[in-house]
Amino acid sequence: MQSTALTLSPLTPLLRPLNKNPNHRYGSLWNLSSLKPLVLLRSINGPSFQKASHLSSCSRFNARRINEPFLISDGRCDGFKVRATPVPGNVGDTNDSSGLATSMQLGAMFAIWYILNIYFNIFNKQVLKVYTFPATVTAFHFGCGTLMILIMWASNLYHRPKLTRSQLAVIIPLAIVHTLGNLLTNVSIGRVNVSFTHTIKAMEPFFTVLFSVLFLGEWPTFWIVFSLIPVVGGVALASFTEASFNWIGFCSAMASNVTNQSRNVLSKKFMVKNEETLDNINLFSIITIISFMLLVPAAILLEGVKFSPSYLQSAANQGLNIRELCIRSLLAGFCLHSYQQVSYMILQMVSPVTHSVGNCVKRVVVIIASVIFFQTPVSPINSLGTTLALTGVFLYSKAKQLKPKPKVAS
């Protein structure tokens, strides 16, 4: 089956537009953005065509009779005619194939995102368990990410951004809270089980709502508030029954929620002008480099230089030799930066709500994988608390899709 479409083509023997202006409007058939708004005619035989009958006075304008809707210009005649062009009937099949390919690509990216996240948490926990210097480890992660970013820009795998002072003024506060968030997360992972850290981090929506009210004046809907009840209750229940619970691990994970969500609020509050905004990947890249520059001196100040042979040998005596320690640290840094880059790539392809739901599923996958790998003892009540918290996060993601009904003015 074939359908018809219309194309614009110059009438022969005219080879150039009648307009002598060098900045003519029809210099290229590919650049039609300067055309005036088009008028959609239902049928050439219908009343809409009679309203446009003044076009027949133009000697060089010709329209073939068709029964399909078509587009026509606003009546100005510059040596162009409208003609019907057959379109192959398999265009719909091509679109279906393209949609299927996009869905498969998106599914593969979600799978890569989850796998990299699982491996990062495993390698990171193995390193922090024997090498108890979270600031040094976090700085090493940022260093791996910085090296990957520089290689990406140098090899033109991704375009390098041009920064302005106004952009840096916005990015530096974001980089500070980003650095603190990653550092506090590593402190927690080093102190408690990976599954418990991620259960606590399920409290992120609570702080998102709290900071949006305090700093942005955005009040949540009833369903958003309702979804936070199982989040808070589930985290509390899991904390009371956690075998590895200690206050440093709990408070640092909770503080990482505060810093990560304050970063999101800051990015909304201090957003630069649209023409100056960076894309997600370059914004994350700049933040990573600044975080590395900030954390290296801070790590030396807090923990000293911990890459000496004596400290590495001390870690080796607890289960990992120096070679294994270095390899796992490199892999953790690679996985961290890679899964965050993939996360931003997915965010450019889907809506924020879809990304939030995917992030909720990712947390479930990481918790299950860490429990299996590390053989973490989990009580039924602890499992119930974790399930409640993650269910609340999912409900929160769905509640964000519900738009409040506009108030009708009386």
Side-chain angles (χ1 to χ4, degrees), residues 116-117 120-121 123-125 127-128 131-150 152 161 163 165 167-191 194 197-198 200-201 203-204 207-208 211 215 248-272 278 280-307 329-330 332-344 347 359:
L116 289 172
N117 209 297
F120 162 71
N121 282 277
F123 292 140
N124 197 32
K125 178 62 177 179
V127 170
L128 289 170
Y131 189 75
T132 57
F133 305 106
T136 302
V137 171
T138 309
F140 186 79
H141 292 165
F142 285 139
C144 292
T146 299
L147 180 61
M148 293 171 64
I149 292 165
L150 295 178
M152 177 181 70
L163 290 176
R165 291 184 178 180
Q167 287 176 325
L168 281 176
V170 174
I171 293 174
I172 289 177
L174 299 178
I176 292 173
V177 292
H178 178 75
T179 304
L180 289 173
N182 281 266
L183 173 59
L184 291 168
T185 300
N186 280 342
V187 171
S188 179
I189 290 177
R191 294 280 183 164
V194 174
T197 297
H198 282 275
I200 300 171
K201 288 178 72 65
M203 282 279 289
E204 285 182 350
F207 292 101
T208 299
F211 292 150
F215 299 110
I248 296 178
F250 175 82
C251 293
S252 58
M254 199 64 73
S256 72
N257 289 335
V258 174
T259 55
N260 288 334
Q261 298 316 303
S262 62
R263 175 192 61 196
N264 296 340
V265 172
L266 283 173
S267 64
K268 289 183 180 180
K269 189 174 180 63
F270 301 110
M271 189 176 295
V272 294
L278 298 171
N280 289 333
I281 294 177
N282 271 330
L283 177 60
F284 170 70
S285 299
I286 297 297
I287 288 176
T288 299
I289 295 174
I290 296 175
S291 296
F292 174 64
M293 297 172 63
L294 291 174
L295 192 54
V296 168
I300 295 174
L301 181 64
L302 293 172
E303 299 175 345
V305 179
K306 301 302 182 183
F307 280 109
S329 298
L330 284 170
F334 169 79
C335 290
L336 172 66
H337 184 75
S338 298
Y339 91 69
Q340 289 179 330
Q341 287 280 23
V342 173
S343 174
Y344 281 110
L347 186 57
N359 191 58

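Below, each value reflects all heavy atoms present in this structure, side chains not excepted, and no hydrogens, waters or symmetry copies. Counting begins at 1 with the first residue of the sequence.
Rounding to the nearest 0.5 angstrom, the gap separating the CD atom in Q340 from the NE2 atom in H141 is 10.5 Å. Here the CG-CG distance, from L183 to L302, works out to 7.5 Å after rounding to the nearest 0.5 Å. Interatomic distance, L128 CG to T138 OG1, rounded to the nearest 0.5 Å: 7.0 Å. Here the CG atom belonging to L174 is positioned 10.5 Å from the OG1 atom belonging to T179, to the nearest 0.5 angstrom. I290 contributes atom CD1, which lies 13.5 Å from atom CG of L295 (distance to the nearest 0.5 angstrom). Atoms CG and OG, on L180 and S252 in that order, are 12.5 Å from each other to the nearest 0.5 Å.
Taking every heavy atom of both residues into account, A135 and E303 meet most closely at N-OE2, 3.0 Å. Residues L184 and A255 approach most closely at CD1-CB, 3.6 Å, considering heavy atoms. Heavy atoms only, all atoms of each residue included: S285 and M152 are closest at OG-CE, 3.9 Å. In this structure, H178 and N182 approach most closely via the heavy-atom pair O-ND2, 2.9 Å. Taking every heavy atom of both residues into account, L330 and C144 meet most closely at CD2-SG, 4.0 Å.
When each of F292, F140, F142, F284 is checked for a ring pair (Phe, Tyr, Trp, His ring centres under 6.0 Å) with H337, only F284 meets the rule. Applying side chain to side chain donor-acceptor pair (under 3.5 Å) to H198 and the options N121, T185, N117 leaves one that passes, N121.
A donor-acceptor pair under 3.5 Å is absent between the side-chain atoms of K201 and the main chain of A253, judged by distance alone. In this structure, the side chain of S188 engages the main chain of G249 through a donor-acceptor pair within 3.5 Å. Side chain of S338 to main chain of C335: no donor-acceptor pair is present (N/O by atom type, distance under 3.5 Å, no hydrogens or angles). A donor-acceptor pair under 3.5 Å links the side-chain atoms of N260 to the main chain of S256, judged by distance alone.
You'll find the side chain of S329 stays beyond 4.5 Å of the side chain of V137, heavy atoms only. Side-chain contact between F211 and V258 is present, with at least one heavy-atom pair separated by less than 4.5 Å. Side-chain contact between Q341 and T288: absent, with no pair of heavy atoms (C-beta onward) separated by less than 4.5 Å. Inter-residue side-chain proximity for I286 and P161 is flagged as met; some heavy-atom pair is nearer than 4.5 Å.
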Residue pair F207, M254: steps toward the side chain to side chain contact (heavy atoms under 4.5 Å, CB included) verdict: CA-CA 10 Å; F207 292 101; M254 199 64 73; 3.6 Å; yes

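Other residues, nucleotides and ligands contribute more than 12 heavy atoms inside 6.0 Å of the OH atom of Y339.
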